[in-house]
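Report on the following structure.
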Amino acid sequence: MIRPKFAHVGLNCRDISITAAFYTKYFGFEVARVVPLGKTRIVFLKSGSARLELFEAKGRAAAAKGDGPTEPGYRHMAFAVPDVAAKLKEMGKDARVTLGPAYFDAFIKGWGGAWIKDPDGRVIEISQGYKDEKRAKK
């Protein structure tokens, strides 16, 4: 069996420069490659093995709410931090909260999150304390 490894998430952006600045400033991404395409470009951002591929949007997306849309498609992507409240404080007015902070100690002690909008209105979860469950090996 060929086991693919995760490559990237492609994001359509109203302004690639503003979106790239948001993810580099608050989530530790850096520019990995810029591909010129006539009057536009594709920008690849990287953080460790995670990659975002930024495209120029054509049109507008529906407004995001709560922890993201519930119809089929993109809901949200999440970034783990040691302390959700501290990250929100660091982000100040750029943390446009759509839901939370909320804590889920009933499921996993110390697990919590807040959902914010990125510059293009996509919902981003900022999460702390998530742990996989221990599962029996097959």
Side-chain angles (χ1 to χ4, degrees):
M1 173 186 196
I2 297 172
R3 294 198 180 265
K5 72 178 189 185
F6 184 78
H8 65 265
V9 173
L11 304 176
N12 291 329
C13 311
R14 285 180 286 209
D15 185 317
I16 290 174
S17 296
I18 290 172
T19 302
F22 177 82
Y23 285 98
T24 57
K25 180 176 182 180
Y26 295 117
F27 297 102
F29 282 84
E30 58 186 40
V31 175
R33 179 176 292 275
V34 177
V35 178
L37 290 176
K39 295 180 181 180
T40 187
R41 67 191 195 266
I42 299 171
V43 175
F44 285 88
L45 302 178
K46 69 177 181 176
S47 177
S49 64
R51 299 279 189 286
L52 298 177
E53 183 180 16
L54 308 183
F55 296 88
E56 183 179 320
K58 293 173 177 50
R60 299 190 58 86
K65 297 176 183 166
D67 67 348
T70 57
E71 65 272 3
Y74 173 88
R75 184 164 181 145
H76 65 255
M77 67 178 148
F79 294 97
V81 299
D83 185 315
V84 168
K87 187 64 177 176
L88 292 174
K89 183 177 179 181
E90 172 195 313
M91 294 180 73
K93 65 177 178 44
D94 290 336
R96 298 181 300 152
V97 176
T98 62
L99 182 65
Y103 297 92
F104 312 108
D105 287 316
F107 303 102
I108 301 171
K109 185 167 177 49
W111 184 28
W115 293 263
I116 64 170
K117 286 184 182 182
D118 80 357
D120 298 297
R122 282 179 291 272
V123 174
I124 306 297
E125 178 184 351
I126 300 171
S127 180
Q128 72 181 44
Y130 171 83
K131 297 175 190 81
D132 287 342
E133 66 185 351
K134 293 187 194 278
R135 302 183 62 96
K137 293 189 180 195
K138 293 180 182 181

What do the steps show when you test Glu53 against Ile42 for side-chain contact (heavy atoms from CB on, under 4.5 Å), and what is the final call? CA-CA 7 Å; Glu53 183 180 16; Ile42 299 171; 3.5 Å; yes
Are Tyr23 and Val35 connected in a single hydrophobic cluster, I mean Ile/Leu/Val/Met/Phe/Trp/Tyr linked by side-chain heavy atoms less than 4.5 Å apart? no
Is the Phe29 ring parallel, tilted or perpendicular to the Phe79 ring (thresholds 30°, 60°)? perpendicular
Indicate yes or no: at least one non-hydrogen side-chain atom of Glu56 is less than 4.5 angstrom from one of Leu37. no
Here the pair of heavy atoms bringing Phe55 nearest to Ile16 is C-CD1, 3.7 Å
Residues Leu11, Met77; criterion side-chain contact (heavy atoms from CB on, under 4.5 Å); working and verdict: CA-CA 11 Å; Leu11 304 176; Met77 67 178 148; 3.9 Å; yes
One should read off an interatomic distance between Ile18 CD1 and Asp118 CG, to the nearest 0.5 angstrom, of 11.0 Å
Looking only at heavy atoms, what is the nearest atom pair of Pro4 and Ile2, with distance? CD-O, 3.2 Å
Salt bridge Glu133-Arg135, side-chain N to carboxylate O under 4.0 Å: yes
SG on Cys13 to CZ on Phe22, rounded to 0.5 Å: 11.5 Å
Go through the steps for Tyr26 and Ile124 under the test side-chain contact (heavy atoms from CB on, under 4.5 Å), then give the verdict. CA-CA 12 Å; Tyr26 295 117; Ile124 306 297; over 6 Å; no
Give the minimum heavy-atom separation between Arg41 and Ser17, together with the two atoms involved. NH2-OG, 3.0 Å
Please confirm whether the backbone N or O of Trp115 pairs with a side-chain atom of Thr98, one donor and one acceptor, at under 3.5 Å? yes
Would the number of heavy atoms belonging to other residues, nucleotides or ligands and lying under 6.0 Å from CZ of Arg33 be above 12? no
State the NE2-CZ distance between His76 and Arg122, to the nearest 0.5 angstrom. 14.0 Å
What are the two closest non-hydrogen atoms of Pro36 and Val34, and how far apart are they? CD-O, 3.6 Å
Check the orientation of Phe107 and Trp111. Use parallel for under 30°, tilted for 30 to 60°, and perpendicular for over 60°. perpendicular
Nearest 0.5 angstrom please: Thr24 OG1 to Leu52 CG, how far? 10.5 Å
Measuring from atom CD1 of Ile116 to atom CG of Leu99, what distance do you get when rounded to the nearest 0.5 angstrom? 12.5 Å
Rounding to 0.5 Å, atoms NZ (Lys46) and NE2 (His8) come to a distance of 15.5 Å
For Leu88 and Pro101, work out which heavy atoms get closest and say how close. CD1-CG, 3.8 Å
Hey, any chance Phe44 and Val31 share a hydrophobic cluster, counting ILVMFWY side chains that come within less than 4.5 Å of each other, even indirectly? no
Compare every heavy atom of Val84 with every heavy atom of Gly112, then report the nearest pair and how far apart it is. O-CG2, 4.0 Å
Is Gln128 close to Tyr103 at the side-chain level, that is, under 4.5 Å between some pair of heavy atoms? yes
